[in-house]
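Following: one structure in structure tokens, then a few remarks.
Just so you know, these numbers come straight off a predicted model, no measurement behind them. In this chain, numbering begins with 1 at the start of the sequence shown.
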Amino acid sequence: MAADQLVNADDLEAPLISSAVSYHDEHRSRIRRSTSNTTSQVALIGSNLCPIESLDYELIENDFLKQDWRSRGPGHIVRYIILKWTLCFLVGVLSGGVGFFNNLAVENIAGVKFVITSNMMLARKFGWAFGVFAGTNFVLLMFASMITTFISPAAAGSGIPEVKAYLNGVDAPDIFSLKTFFVKVRFSEVSDVDVSSTQQVVGCIAAVSSSLYVGKAGPMIHTSACIASILGQGGSRKYKLTCKWLRYFKNDRDRRDLVTCGSGAGVAAAFRAPVGGVLFALECVSSWWRSALLWRAFFTTAVVAVILRALIDICNSGKCGLFGKGGLIMFDVTSANVTYHLIDLPPVLVLGVIGGILGSLYNFLLEKVLRVYTLINEKGHVYKLLLAASVSIFTSCCLFGLPWLASCKRCPAGLSEACPSIGRSGNFKKFQCAPDHYNDLASLFFNTNDDAIRNLYSAGTDNVFQKSSVFLFFIASYFLGIISYGLAVPSGLFVPVILTGATYGRLVGMLMGSHSTLNHGLFAVLGSASLLGGSMRMTVSVCVIILELTNNLLLLPLVMLVLLISKTVADVFNADVYDMLVKLKGLPYLEAHAEPYMRQLTVGDVVGGPLQIFNGVEKVSNIVHVLKTTGHHGFPVVDEPPFSSSPVLFGLILRAHLLVLLKKKTFLHARTLASIDVSEQFSAEDFAKRGSGKHENIEGIDLTAEEMDMYVDLHPYTNTSPYTVVETMSLAKALILFREVGLRHLLVIPKSSSRAPVVGILTRHDFMPEHILGTHPFLLQSRWKTIRLGKSNLIEIFSGLC
């Protein structure tokens, strides 16, 4: 799709400008409107994008809603509080159940595959073994790819960029629908609450079980956010699956808080890390936070931990098949007493530096691969499936072929587990070796990602793996993780990065030898932390997640040091992986800081036209015409004589509220103020926000010619206290206000009272750097850029110090 077409799609909330401006301002506006914005953020991705809109976090204050608020007593407040905590409890219960089911299904499906393949290897039927292994992987991945491609494309990828954008105020269609939940169970015929999340569950299980180098943590976070969003949509009015209690949550503010709790619950379900889940929601995905939300998020993740513990106790009795008696992804395998000395600090520092470099390189290569995949995927469904099939075959060949390069080792004496391990997971895979021997590289490749991590983290295994095998596994896992992400399947990055980091960490420990007192398992844990810090740039949340995964608080100082160093090094080269993915997906994410060049512009420099204004009492035909010919979602309401002595801004009315008024047909025969009680004709539920991505449209409303000549009094339904800024305010200052308050529309008023009462409206589109720099290219010279490491940079820095 061409860049200008994408810009038009994004201009559903295009900036507006007043017609009552001076000649100089009109000339500047004409120049701005004639400039083709070819640098729009959404032009970076080569696929057809659905219209992206903003969420309404602002409190609407109009006469009708004020009257509704006054009618609510203490009982309503109690019910509202109970509902909030009840929904958090349900999110925790459902997320814990889905997380347990995911792990149970993956371990059993992948386990059966590995057992059958191992049995054929024992019978020396190597060709059949490869056929079963590659064929099973192919069928599982193609199933995941097909249901994602044809049922819910929004379920592809990890889902964390979408959750992050939603909590920033971006409303993209289907990102939290029930069918995304199914892929990442299909209930699309059951309700008008979206249907994207069950697909994420089924698709994620199939993709991870296919030995593809993807994780289930990202899809689990997306799935839990879907659960929270669906519960927060208040049921379905179409099928009468709702009640008065649920109407309290039919607004974007409460849904945002519930989705934030859901994202934390996803981390808790994926890693059994409740505190890490809360910190992840705070550090990585949330754009607004407060103490009350912290308490509810912690409650939600605590419920997840309790549910998982209860379900895992069932598995301890051996009723979970090949899932065994382990605890999800809980790597309680490190030394009981971790001791380290000053001599151990240099290797840890090296780990941090290498992790930062490898993490930034990982992001760089991933971006290049995703751009190539985008060009392939946009050619159609067949190409998406062919790409997935190609990666599946290549991955199977690598996993089955590379262990043949490793030499067999004799089983160590005095082991607590069987060697070789036959018919189950373990450190000692026989593969093609003779009896009482094992293939250490096959022990890593012929396991699920979770079991491979557990093997690398294991204490007392310093002599189990060869340096050459660990090096081969590191190279393979590093690049397979890059080419596996971006396919049309639900896929996460967390687990592959943890696995790759553990491999290179263990390799560094083996190279250090006697120069360090840390065992190789601890080096693997620190390697995971360093690569996570280098790729995802999270510090506090990753630190706590790692500690909860390993159940070892003694590692805290070393993990903190590694994370700080790796993040600092990686920040020199590029942005974190999730910011990169948000940009590639074309999601208009507002950063917490304003670029310095924004201080050179005022809000009056970026508003565009034309501005559509409604009178306090407006003709129906005018409203219908404006709604049909524009895609704007907010309109200034101006009172003019005889309703006021001079034109004055009364407030702002939303498109959704105008559609409700037209649908109810509460019209007046003359241009006069309404004298009836609006509470008798409307209820607060009529103006409640519908589910994410669902909106009414003007084409579905039939009006007669007589009704088109009638009038509507907009005063009772207009927000009389919208946020306004004067046209001389700097764009940087307006951005901070817009983001921190969570606005969708920001009215610009003139500095002089002699002009029209409103100059224009600022929306999310006006604050995007691509839009600003596209319309004001001279600012490119003063745009702040991240310092990149290079010879010229170093010379300039040190010369400035002298």
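- Scored by the side chain to side chain contact (heavy atoms under 4.5 Å, CB included) test, Ile749 finds Leu649, Thr724 as partners (sequence neighbours excluded).
- Within the structure, salt bridge (charged side-chain N to carboxylate O under 4.0 Å, His left out) pairs that include any residue of residues 620-644 do not occur (at least two apart or interchain).
- For the salt bridge (charged side-chain N to carboxylate O under 4.0 Å, His left out) condition, the pairs that include at least one residue of residues 706-716, sequence neighbours left out, are Lys619-Asp709, Lys665-Glu707.
- Listed by chain and number, the residues in a side chain to side chain contact (heavy atoms under 4.5 Å, CB included) with Tyr57 are Leu55, Asp252, Arg253, Arg256, Trp288 (sequence neighbours excluded).
- A donor-acceptor pair is defined here as one N or O able to donate and one able to accept, closer than 3.5 Å; no such pair exists between the side chain of Thr630 and the backbone of Leu627.
- Atom CG of Leu654 and atom CG of Asn719 lie 7.5 Å apart (nearest 0.5 Å).
- The side-chain hydrogen bond (donor to acceptor under 3.5 Å, both in side chains) test applied to Ser646 returns no partner, not counting sequence neighbours.
- Counted by atom type alone, Thr260 and Asp257 present zero donor-acceptor pairs between their side chains at under 3.5 Å.
- Partner Ser54 forms a side-chain hydrogen bond (donor to acceptor under 3.5 Å, both in side chains) with one of Arg764, His745, Arg744 and no other, that one being Arg764.
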Item to check | Steps toward side-chain hydrogen bond (donor to acceptor under 3.5 Å, both in side chains) verdict (Ser721, Glu61) | outcome: CA-CA 6 Å; Ser721 58; Glu61 294 182 341; 2.5 Å; yes
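- Every residue two or more places apart in sequence or in another chain was checked for a side-chain hydrogen bond (donor to acceptor under 3.5 Å, both in side chains) with Asn615, and none qualifies.
- For Phe643, the CZ atom counts as densely surrounded, since its 6.0 Å shell holds more than 12 non-hydrogen atoms of other residues, nucleotides or ligands.
- Atoms CG and CG, from Leu652 and Leu714 in turn, are 11.5 Å apart once rounded to the nearest 0.5 Å.
- By the side chain to side chain contact (heavy atoms under 4.5 Å, CB included) test, Trp85 is found to be paired with Ile81, Trp295, Arg296, Phe299, residues two or more places apart in sequence or in another chain being considered.
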Distance-only donor-acceptor pairs under 3.5 Å for side chains of residues 735-743, two or more places apart:
{"residue": "Arg739", "atom": "NE", "partner": "Leu590", "partner atom": "O", "Å": "2.8"}
{"residue": "Arg739", "atom": "NE", "partner": "Glu591", "partner atom": "O", "Å": "3.3"}
{"residue": "Arg739", "atom": "NH2", "partner": "Ser287", "partner atom": "OG", "Å": "3.3"}

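- A search for side-chain hydrogen bond (donor to acceptor under 3.5 Å, both in side chains) contacts involving Ser752 returns Ser754, not counting sequence neighbours.
- Taking Trp289 as the reference, nothing meets the ring-ring contact (aromatic ring centres under 6.0 Å, His included) condition, with sequence neighbours excluded.
- Remark: Tyr711 engages no residue in a ring-ring contact (aromatic ring centres under 6.0 Å, His included) (not counting sequence neighbours).
- In this view, Phe614 and Phe635 satisfy the ring-ring contact (aromatic ring centres under 6.0 Å, His included) rule, not counting sequence neighbours.
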